[in-house]
Every structure is written in structure tokens, then in C-alpha cells.
Amino acid sequence: MKRRIFALVLTLAMVLALAACGGSGDGSKDGAVSITIFNSKMEIQSQMEEAAAKYSEEKGVNIEVYYSNDTVAAHLSTRYASNEPYTLSMVDAKDIYSLAADHAIDLSGEKWVEDTTQEIAIDGKVYGFPVCVEARGIIYNADAIKAATGKDFDPTSIKTTEDLQALVDELIAGGMTSPVGVMKEDWSLGGHFLAEIYEQHDDPDAYIAGIKDGSISLIDDAKFNEMMDTFDVLKNNNYAKDAAISAEREVTEQKLAEGEIALMYGGNWDWSVINAYEYSENMGMMPVPNNSGDGSCDKLIGGGSKYFFIDSSDNTSDAQRQAAKDFLNWLVYDEAGQSFVVNDCALVPAYSNITLAVGDPLGTSVKAYSDAGQMIGNYNYLPDDHYSICGAAFQKYLAGQIDRAGFAQELTDYWATAEVGAH
């Protein structure tokens with residue numbers, strides 16, 4: 001009898017546990033629908049958590065937001081393998097191309113599709129909801145530059161590598177010992193700066209194919225050397241050049257914000273870090289100057305950045321999928337959702353119906369370049385391990401552990417076996 005009672009109690013406990021976990025697949029908790037969101041944008045994790053809490057309270061939908069330091073593909077693979085997919089996943093564009101067919105629902109019928117040009121569609125089906133527009137270039141502190149040079153700064157005057165060097169020399173002469181900050185993160189070096197070398201070609205696929213088949217020798221390639229010449233100006237004048245791989249991102253951004261340094265390669269997403277400090281009012285972004293003469297010195301690199309997709313598996317219920325759609329519509333059409341994107345997260349919206357003024361100077365720069373058609377599109381098909389492997393090689397170059405020829409060889413070795421994503 002005791003065994004039977006114990007078995008009944010154990011069975012009841014298992015049933016209750018499954019119900020509490022939403023094991024039935026309805027994702028319910030306390031009678032409300034529960035959804036999970038994967039955020040791959042570290043800079044806005046706290047904002048996402050706060051917005052989710054407010055949204056949950058107001059809408060009666062339980063939301064939990066997760067972040068991981070692992071690569072998106074690796075982290076999501078683990079979740080899929082354990083049959084615990086997120087309801088909503090924020091990923092990079094390349095991840096939509098690789099994951100959508102097996103893991104995402106078609107969002108073609110959603111209203112927001114008509115209000116953006118940045119959605120990702122594959123074979124006529126929309127899978128990727130663009131979170132924002134982002135761009136890369138050199139962030140400048142105009143107030144710091146004026147304080148050192150005595151002149152108002154005109155970013156359009158910096159076109160060539162020599163222009164950049166002359167500005168740096170002028171800043172040093174004005175008392176700024178080391179005017180530059182270089183972020184050592186592999187995603188910044190390998191995923192952003194290095195990617196510009198591909199993206200500044202009319203046909204990045206052909207350029208990468210040339211590296212793969214040996215018809216393009218990187219160490220002899222004009223674009224590679226022109227961009228690396230510019231990077232050397234940044235590297236040689238880095239405030240942390242004696243310990244470049246130990247530099248903390250937050251310290252670098254604080255120095256830029258407060259005018260201790262004047263220049264840093266980055267993107268408008270950096271404002272979410274910069275604005276935590278006593279930042280200068282007059283900041284902005286400019287293209288990476290270089291000597292190629294191809295017009296790239298007049299354009300930022302960017303476009304739609306970070307995309308949500310909704311899980312299509314049996315582990316997610318229709319009620320959860322609808323709640324996820326409602327959340328996306330809240331971001332686009334609700335005043336609170338729009339304010340969350342523009343004001344709380346300091347992002348440039350990807351939707352034409354959102355008319356809120358971009359409040360930060362980096363986003364304002366991006367919007368100006370975007371409105372003027374002065375943007376080179378992101379190349380969204382780099383392999384998942386590109387920024388980690390090539391970024392690690394770039395870190396060695398930044399630290400002076402290899403020279404330019406050694407860096408070019410490591411990139412060539414990488415591309416000998418790496419394959420770009422399907423597109």
C-alpha cells in the first residue's frame with residue numbers, strides 16, 4: 001500500500017511540475033501566456049528586462065528575457081537540442097538565412113512588413129523582423145577635438161588615411177597624448193572592421209571567392225592594405241596600445257564620452273554604453289577614411305541590424321506565437337514600444353511610421369547618412385566562426401604579436417576551408 005501511495009504522490013508531483021513548466025505546450029503560467037525572448041544585443045539587456053516587466057504587467061503576458069555570451073548559432077543549437085526553443089529569438093541576419101527554414105514561422109501577413117524595407121524574406125516568405133538600423137564607422141568627440149585644436153570639427157574633411165593622421169597629429173600637438181581608443185573585442189575587430197574590407201567591394205562574394213581560390217593575395221591586395229593603413233593609424237595612437245588586449249570596453253567608451261580621447265571605431269549601438277557617463281554633447285559618426293578612391297570614405301556601413309524570428313516548433317503553442325506577434329507589433333505601433341526602441345535603447349528604428357526623433361548623436365548621424373543614401377549594405381553571410389577566429393587573429397595583430405603579412409596569412413588560411421552562408 002505504501003508503494004502505491006508513494007507512486008501516486010510521485011505521479012501527481014510530476015504532473016504538477018509539468019503544468020508549472022508549461023509542459024502541455026500552451027506556455028501558460030498563472031493563467032497567462034508565457035513567452036521567452038532571446039536577446040543577442042548585450043547593450044540593451046537591462047532595457048529589455050525592464051520593458052518585459054512593464055509589458056507583462058500591462059498586457060498580462062509573462063515574458064522572460066535571456067542573454068548568452070556564446071555565439072548565437074551555438075547557443076540556439078543547444079536550446080533546440082534540449083527541445084527548449086525561445087518563443088522569440090533576436091539574431092543576426094545571417095542566422096535568419098541559416099535557421100529560418102527549420103525554425104521560423106512566415107510573417108508575411110504582418111502589418112509591419114508594409115512599413116519597413118529591411119525585413120528578411122526567403123523564397124517569398126518573410127521570416128526576419130528588423131529590430132533597428134545600425135551602422136559602423138569612426139565615432140568622434142567634436143568637443144574634445146575643438147578643445148585640443150581650437151577649431152570646430154568638420155568630419156567631412158577627413159577622407160584619406162593622411163587626413164586622419166594629420167588630425168591625430170594635431171590632437172597630440174594640442175595636448176591629447178593618445179587620441180584614439182581601439183576596442184579589442186573579436187566582434188568589433190573581426191565582425192566589424194575586417195568585414196568592411198569585404199563590404200567595400202561591389203561584389204563581396206567574388207572578393208571572398210578570390211581569397212579562397214588564391215586568385216587574390218591579401219598581402220598584395222589594394223583594399224586590404226588601404227584599410228589596414230588606416231587601422232594602423234588607430235592602433236599606433238591607441239591609448240591602451242601597450243596593453244591593447246587588456247583594454248576594457250567600458251573604460252574606452254568612458255574616455256571617449258568624457259573627451260579624454262577623441263576617436264574610436266564603433267557603431268551607433270555604442271551610445272547605450274557612452275550615455276552612462278558624463279558624455280560630451282557634440283559627438284557623431286563618420287566613415288572610415290581610406291585611400292581607395294572608390295567613394296567608400298563617404299559612406300557608413302550598415303542597414304537592418306538584429307532580427308527577431310518566431311519559433312515554429314511544436315514546443316511553442318499558437319497562443320505563444322500570437323503573443324510574440326503582439327509584442328513585435330507593440331514595438332512598431334504602440335507609443336510605449338516606439339519609445340522603448342528610440343529612447344530607452346537609443347536605436348534607429350527600421351520602420352517608416354515611427355517618427356520619434358532619434359535622440360542620440362550617433363543615431364542622428366546614422367539616420368542622416370541613411371536618408372542621404374550614403375550607406376554601404378552589410379554583408380550578412382559570413383560564417384558563424386568568422387568573427388571569433390578572424391577576430392582572434394586580428395587581436396594578435398592589434399597586440400603586435402603578428403605583422404600584417406602574418407595577419408593576411410591567417411585570414412587566407414581561414415578562408416581556405418570556410419564557406420559563406422547560403423543566400
Side-chain angles (χ1 to χ4, degrees), residues 39-49 67-72 75 90 92 131-132 134-141 144 176-196 230-280 283-286 288 300-302 305-306 344-348 360-363 365-366 386-401:
N39 167 43
S40 60
K41 195 168 182 56
M42 174 184 64
E43 300 92 338
I44 62 170
Q45 177 64 12
S46 62
Q47 294 95 317
M48 287 284 291
E49 291 173 344
Y67 174 79
S68 171
N69 285 317
D70 294 337
T71 63
V72 170
H75 180 66
M90 183 199 293
D92 296 317
V131 177
C132 57
E134 292 185 326
R136 293 169 266 143
I138 292 180
I139 304 173
Y140 59 84
N141 185 325
M176 192 177 288
T177 306
S178 300
V180 178
V182 178
M183 284 199 289
K184 55 84 184 294
E185 282 73 13
D186 52 5
W187 52 262
S188 180
L189 296 170
H192 291 166
F193 193 95
L194 176 58
E196 286 211 26
T230 296
F231 185 80
D232 282 351
V233 174
L234 303 176
K235 177 171 75 80
N236 294 338
N237 295 279
N238 179 16
Y239 80 91
K241 66 181 179 181
D242 294 332
I245 305 305
S246 300
E248 293 297 330
R249 177 185 180 186
E250 289 75 12
V251 173
T252 303
E253 305 236 25
Q254 182 177 7
K255 288 179 179 292
L256 178 66
E258 298 176 356
E260 187 176 337
I261 61 175
L263 303 167
M264 184 189 84
Y265 178 81
N268 59 297
W269 54 83
D270 284 297
W271 188 254
S272 63
V273 181
I274 290 171
N275 69 7
Y277 304 106
E278 295 295 323
Y279 59 84
S280 301
M283 302 181 72
M285 288 180 60
M286 65 183 187
V288 176
L300 298 179
I301 306 283
S305 177
K306 295 297 182 183
D344 297 344
C345 296
L347 300 177
V348 179
D360 75 89
L362 307 190
S365 288
V366 170
H386 176 273
Y387 84 74
S388 58
I389 295 177
C390 297
F394 214 149
Q395 287 174 333
K396 288 195 289 184
Y397 182 78
L398 175 64
Q401 297 169 0

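As a basis for the values below, the full set of heavy atoms in this structure was taken, side chains included, without hydrogen atoms, waters or symmetry mates.
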In Å and rounded to the nearest 0.5 Å, what is the [atom1] to [atom2] distance from [X] to [Y]?
| X | Y | atom1 | atom2 | result |
| --- | --- | --- | --- | --- |
| N268 | S305 | CG | OG | 8.0 Å |
| I274 | N141 | CD1 | CG | 8.5 Å |
| Y67 | E43 | OH | CD | 7.5 Å |
| D360 | M283 | CG | CE | 10.0 Å |
| E278 | Q254 | CD | CD | 9.5 Å |
| W269 | E134 | CH2 | CD | 5.5 Å |

Taking all non-hydrogen atoms of both residues, which atom of [X] and which atom of [Y] are closest, and how far apart?
| X | Y | value |
| --- | --- | --- |
| G267 | I139 | O-CD1, 3.7 Å |
| A399 | I245 | CB-CG1, 3.6 Å |
| V182 | T252 | N-CG2, 4.4 Å |
| H386 | G190 | CE1-O, 3.1 Å |
| L300 | S365 | CD1-O, 4.5 Å |
| W271 | A346 | CD1-CB, 3.7 Å |

Test N39 against Q45 for side-chain hydrogen bond (donor to acceptor under 3.5 Å, both in side chains), laying out the working first.
CA-CA 7 Å; N39 167 43; Q45 177 64 12; 2.8 Å; yes
Measure from the side-chain N and O atoms of [X] to the backbone N and O of [Y], and report whether any donor-acceptor pair falls under 3.5 Å.
| X | Y | value |
| --- | --- | --- |
| N237 | V233 | yes |
| E250 | V273 | no |
| K184 | A244 | no |
| S272 | C345 | no |
| D186 | A392 | no |
| S280 | A257 | yes |

**Message:** For a side chain to side chain contact (heavy atoms under 4.5 Å, CB included) check, start with the C-alpha distance between K306 and D92, then their side-chain angles and the critical distance, and finish with the verdict.
**Reply:** CA-CA 5 Å; K306 295 297 182 183; D92 296 317; 2.8 Å; yes
*Check step by step if side chain to side chain contact (heavy atoms under 4.5 Å, CB included) holds for R136 and Y265.*
CA-CA 8 Å; R136 293 169 266 143; Y265 178 81; 3.6 Å; yes
How far apart are the C-alpha atoms of D232 and Y397, what are their side-chain angles, what is the distance that settles it, and do they pass the side chain to side chain contact (heavy atoms under 4.5 Å, CB included) test? CA-CA 10 Å; D232 282 351; Y397 182 78; 2.6 Å; yes
Is the NZ atom of K235 crowded by more than 12 outside heavy atoms at less than 6.0 Å? yes
Note to self: With side chain to side chain contact (heavy atoms under 4.5 Å, CB included) as the criterion, how do D270 and M183 come out once you've worked through the C-alpha distance, each side chain's angles and the decisive distance to 0.1 Å?
What the structure shows: CA-CA 11 Å; D270 284 297; M183 284 199 289; 3.7 Å; yes
### Message
Set out, in order, the CA-CA distance, both residues' side-chain angles and the distance that settles side-chain hydrogen bond (donor to acceptor under 3.5 Å, both in side chains) for Y239 and T177, then state yes or no.
### Response
CA-CA 8 Å; Y239 80 91; T177 306; over 6 Å; no
ask   = Parallel, tilted or perpendicular: which fits the ring planes of F394 and F231, with parallel below 30° and perpendicular above 60°?
value = tilted
Review point. Parallel under 30°, tilted from 30 to 60°, perpendicular over 60°: which one fits the rings of W187 and H192?
Key: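 Answer is perpendicular, since the angle exceeds 60°.
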